[in-house]
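Quick notes on the structure that follows.
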Protein chains: 2
Amino acid sequence: MARMIRERSDVLPMLAEVFREHGFEGASLALITAATGLGKGSLYHFFPGGKEEMAAAVLEEIDGWFEREIYAPLRHQSDPVIAIVITLGAVEDYFRSGRRVCLVGAFALGETRDRFKEGLRSYFTRWIEALVMALTRSGRSDRDARLLAEDAVLSIQGAIVLSRALDDTGPFTRTITRLRSALTGSGQPR
Amino acid sequence: MARMIRERSDVLPMLAEVFREHGFEGASLALITAATGLGKGSLYHFFPGGKEEMAAAVLEEIDGWFEREIYAPLRHQSDPVIAIVITLGAVEDYFRSGRRVCLVGAFALGETRDRFKEGLRSYFTRWIEALVMALTRSGRSDRDARLLAEDAVLSIQGAIVLSRALDDTGPFTRTITRLRSALTGSGQPR
DNA sequence: GTCTATAAAGCGATAGAC
DNA sequence: GTCTATCGCTTTATAGAC
């Protein structure tokens with residue numbers, strides 16, 4: 001009977017999954033209480049601002065995860081090529097090879113875009129900037145690094161869309177493979 | 001006073017825009033009546049199946065547009081390279097350089113995915129197959145054509161996501177530029 | 001074919017007991 | 001901190017007048 005939830009952060013992963021699967025509008029309080037096991041009372045105790053605060057908290061946690069697991073290694077790990085390969089693998093796991101939606105990307109397509117504007121912009125620009133840093137450290141020109149980084153981030157988003165539409169992880173895994181070679185090679189063809 | 005709407009197809013473009021801007025769940029009948037100027041009575045007269053039938057009809061119209069303007073030229077136009085360049089331009093216009101969401105892509109991310117499963121799959125596979133046909137006709141190997149086509153379609157989807165998140169058409173237009181060169185070149189670097 | 005009125009259900013959010 | 005009960009509003013959908 002003892003509820004295992006003492007902190008807000010304990011429910012964030014479950015919350016995130018509901019938003020990912022149903023979107024912001026689709027994630028009803030009914031679905032959220034079912035997924036978290038928490039009544040509305042508890043939910044509003046942790047998130048007085050309601051659904052909007054829940055979604056904002058989820059975005060913040062996602063942001064923290066990417067900062068820690070992806071951006072920081074890309075920026076600071078001594079060998080930038082190793083950092084690229086490792087974080088590409090982490091991204092593949094995180095998105096379950098395209099089976100799992102990127103909440104930030106999904107929010108960018110919906111009317112949620114304006115509501116969480118700054119969070120979305122920051123998530124993508126910091127990802128791109130971290131990649132640019134790794135790529136320039138690995139010897140690329142600024143211009144090359146920038147184009148490559150933007151293409152990598154957008155390709156991952158598109159790969160999720162396509163893999164989900166086709167219900168096939170192929171597009172996502174092939175994209176990761178292509179990026180591994182494109183980002184670590186010295187600029188040759190695919 | 002004379003209402004200008006005599007056929008179902010007259011409302012489809014307005015309907016499509018509402019679904020694009022608000023998603024399936026977010027597109028309430030209230031928003032739809034406002035956007036189309038039609039009362040619920042008329043709406044249910046044209047679409048007895050309600051919102052689901054409206055969305056299905058919109059998807060079908062989108063499918064028809066792409067079949068006509070994109071897939072058919074890629075498959076049959078005498079010069080495949082010209083077909084690629086022309087359809088890339090049409091795609092750029094259609095998505096307003098990334099300002100306009102791809103409804104099919106957005107549906108693939110949401111819970112709408114299962115509801116419209118066949119439509120989504122068909123839209124993307126036919127796009128990819130048509131591109132494969134143009135690329136092989138232009139002299140690519142089957143393997144090359146397939147990888148290139150999948151990458152092109154998914155890059156366009158990702159470019160929309162990123163352009164919307166950053167509120168900047170740059171990623172989208174750069175992606176079209178990159179694809180123009182990657183799909184019409186003979187396989188060199190970017 | 002279009003409208004208004006209305007039904008029935010679900011929504012997010014709040015209050016208050018415990 | 002968690003629950004249930006409830007409010008007020010919006011939702012989809014239907015009925016029936018015109």
Side-chain angles (χ1 to χ4, degrees), chain A residues 1-59 61 103 106-107 110-116, chain B residues 1-59 61 103 106-107 110-116:
Chain A
M1 197 84 290
R3 191 147 305 291
M4 300 267 71
I5 290 157
R6 292 272 103 92
E7 304 182 49
R8 227 171 84 128
S9 60
D10 292 341
V11 283
L12 288 182
M14 298 178 260
L15 226 34
E17 224 42 47
V18 179
F19 282 121
R20 263 189 274 263
E21 279 168 32
H22 302 275
F24 184 78
E25 345 286 336
S28 68
L29 261 346
L31 282 169
I32 293 172
T33 57
T36 59
L38 251 49
K40 296 187 194 185
S42 308
L43 249 12
Y44 275 88
H45 170 73
F46 287 122
F47 308 94
K51 254 176 76 168
E52 175 141 3
E53 188 173 343
M54 297 180 209
V58 163
L59 283 179
E61 176 177 75
L103 189 61
F107 275 10
E111 52 188 340
T112 29
R113 178 176 73 138
D114 304 309
R115 224 194 210 108
F116 303 107
Chain B
M1 195 89 289
R3 190 146 304 290
M4 300 267 72
I5 289 158
R6 291 272 105 91
E7 304 180 49
R8 228 172 83 130
S9 60
D10 292 339
V11 282
L12 289 182
M14 299 178 258
L15 225 33
E17 226 39 50
V18 179
F19 281 122
R20 262 188 277 265
E21 278 168 35
H22 302 276
F24 183 78
E25 345 285 335
S28 68
L29 260 348
L31 283 170
I32 292 172
T33 57
T36 59
L38 250 49
K40 296 185 195 185
S42 309
L43 249 13
Y44 275 90
H45 169 73
F46 287 121
F47 307 95
K51 253 175 77 168
E52 176 141 2
E53 188 173 342
M54 298 180 208
V58 164
L59 283 179
E61 176 176 76
L103 188 61
F107 275 11
E111 52 188 342
T112 28
R113 177 177 74 139
D114 304 309
R115 225 193 210 110
F116 302 106

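Residue numbers start from 1 in every chain, and the chains themselves are labelled A, B, ... in the order their sequence lines are given, proteins ahead of strands.
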Inset, instruction - Measure from CG on A:L43 to P on D:dC3 and round the result to the nearest Å. - result: 10 Å
Show me the donor-acceptor pairs, under 3.5 Å and distance only, between side chains in residues 12-22 of chain B and residues at least two apart or in other chains.
unit_1, atom_1, unit_2, atom_2, d
B:E17, OE1, B:R20, NE, 3.2
B:E17, OE1, B:R20, NH2, 3.3
B:E17, OE1, B:R100, NH2, 3.2
B:R20, NH1, B:Y94, OH, 3.2
B:H22, ND1, A:E111, OE1, 2.9

Legend entry - Short side-chain to backbone donor-acceptor contact, B:K51 and B:F24, under 3.5 Å: yes
Legend entry - Euclidean distance, atom CG of residue B:D10 to atom C1' of C:dG1 [Å, nearest integer]: 13 Å
Inset, instruction - Return the value, rounded to whole Å, for the distance between atom CG of A:L31 and atom C1' of C:dG12. - result: 13 Å
Inset, instruction - Would you mind reading off the distance between A:F47 atom CZ and D:dG1 atom P, rounded to a whole angstrom? - result: 13 Å
Inset, instruction - Taking all heavy atoms of B:E7 and all of B:F46, pick out the closest pair and write down the distance. - result: C-CE2, 4.1 Å
Inset, instruction - Measure from CE on B:M54 to C1' on D:dA13 and round the result to the nearest Å. - result: 10 Å
Legend entry - B:Y44, nearest nucleotide to its side chain (from D:dA13, C:dT2, D:dT11): D:dA13
Inset, instruction - Looking at every strand, decide which applies to B:G41 at a 4.0 Å heavy-atom threshold: base, sugar-phosphate, or nothing. - result: base
Inset, instruction - Could you tell me whether the phosphate oxygens of D:dG1, OP1 or OP2, come under 4.0 Å of any side-chain nitrogen or oxygen in A:H45? - result: yes
Legend entry - Between C:dG1 (C1') and B:L38 (CG): distance, integer Å: 9 Å
Legend entry - Distance, rounded to the nearest Å, where B:E52 contributes CD and D:dT12 contributes C1': 13 Å
Legend entry - side-chain contact (heavy atoms from CB on, under 4.5 Å) partner of B:L38, the single match among B:T33, B:I32, B:L43: B:L43
Inset, instruction - Return the orientation label for the A:F107 and A:F116 ring planes: parallel under 30°, perpendicular over 60°, tilted otherwise. - result: parallel
Inset, instruction - Would you indicate, yes or no, if D:dT11 has its OP1 or OP2 atom less than 4.0 angstrom from a side-chain nitrogen or oxygen of B:S28? - result: yes
Legend entry - Side chain of B:L29 - closest among C:dT2, D:dT12, C:dC11: D:dT12
Legend entry - Out of D:dT2, C:dA13, C:dT6, whichever nucleotide has its closest atom nearest the side chain of A:K40: C:dA13
Inset, instruction - Quickly work out the A:F24 CZ to C:dC11 C1' distance and round it to whole Å. - result: 12 Å
